[in-house]
Amino acid sequence: MSTSVRRTRWSRSSKAASPPKLIKDNADKIPADARNETETALAGLKEKLKGEDTVAIRQAIDRTAQDAQRIGTALYQKSRAGQPTGEPRATAGDGTVGGSSEDDVVDAEIVDDDKPEAG
């Protein structure tokens with residue numbers, strides 16, 4: 001086995017190892033078409049890894065990564081869909097609800113009362 005094939009296979013382990021876990025952990029949240037495309041790409045990658053064609057292995061890695069990205073996008077969109085739009089996310093330190101505005105800006109000077117003034 002050539003060095004470039006070994007390097008490419010090692011690259012596969014870092015890039016393509018997470019899609020199966022992502023699918024398993026989020027099976028109910030992933031659209032079926034995105035899951036099927038990614039599983040097909042993973043199967044193709046496993047098949048290419050049996051050979052010595054570095055270019056084919058890299059193409060299979062890229063396809064798997066692109067299909068896994070679709071899963072990530074779908075999960076992100078679902079999580080965003082669950083958030084209310086236009087609603088504040090947290091309360092301010094004074095207990096009021098709202099985001100920051102120009103009126104919230106405080107201009108202050110730090111004073112150290114423990115130091116005696118020179119002079």
Side-chain angles (χ1 to χ4, degrees):
M1 181 183 318
S2 71
T3 304
S4 65
V5 171
R6 267 188 258 140
R7 217 175 297 137
T8 301
R9 288 178 188 213
W10 179 82
S11 172
R12 179 263 174 205
S13 67
S14 64
K15 290 183 181 177
S18 63
K21 181 173 176 14
L22 183 67
I23 292 170
K24 181 182 172 189
D25 293 348
N26 299 287
D28 58 329
K29 299 174 189 170
I30 299 171
D33 59 333
R35 183 178 57 242
N36 291 338
E37 288 175 10
T38 304
E39 288 173 342
T40 300
L42 285 166
L45 176 58
K46 287 178 184 178
E47 193 63 35
K48 296 294 181 193
L49 286 170
K50 293 177 184 177
E52 296 284 322
D53 187 355
T54 305
V55 173
I57 293 170
R58 287 185 182 152
Q59 288 173 343
I61 290 169
D62 290 344
R63 178 171 177 224
T64 302
Q66 288 172 354
D67 289 340
Q69 182 64 36
R70 288 189 195 123
I71 288 177
T73 300
L75 289 173
Y76 176 74
Q77 288 173 344
K78 282 195 177 224
S79 72
R80 297 279 299 166
Q83 292 180 356
T85 56
E87 295 285 324
R89 293 185 186 202
T91 60
D94 62 358
T96 61
V97 176
S100 64
S101 69
E102 289 183 39
D103 296 335
D104 294 338
V105 176
V106 176
D107 189 16
E109 179 180 338
I110 298 174
V111 178
D112 189 0
D113 291 332
D114 293 337
K115 276 183 157 178
E117 288 187 29

Residue list, side-chain contact (heavy atoms from CB on, under 4.5 Å) with Glu39, at least two apart or on another chain: Ile23, Arg35, Asn36
d(Leu49 CG, Leu45 CG) to nearest 0.5 Å is 4.5 Å
Do Thr40 and Arg63 come within less than 4.5 Å of each other through their side chains, counting heavy atoms only? yes
Measure the CG-CD1 distance between Asp62 and Ile57 for me, rounded to the nearest 0.5 Å. 12.0 Å
Identify the two heavy atoms, one from Ala41 and one from Thr64, that lie closest to each other, and give their separation to 0.1 Å. O-OG1, 3.3 Å
Contacts of Arg70 that satisfy side chain to side chain donor-acceptor pair (under 3.5 Å) - sequence neighbours left out: Glu37, Asp67
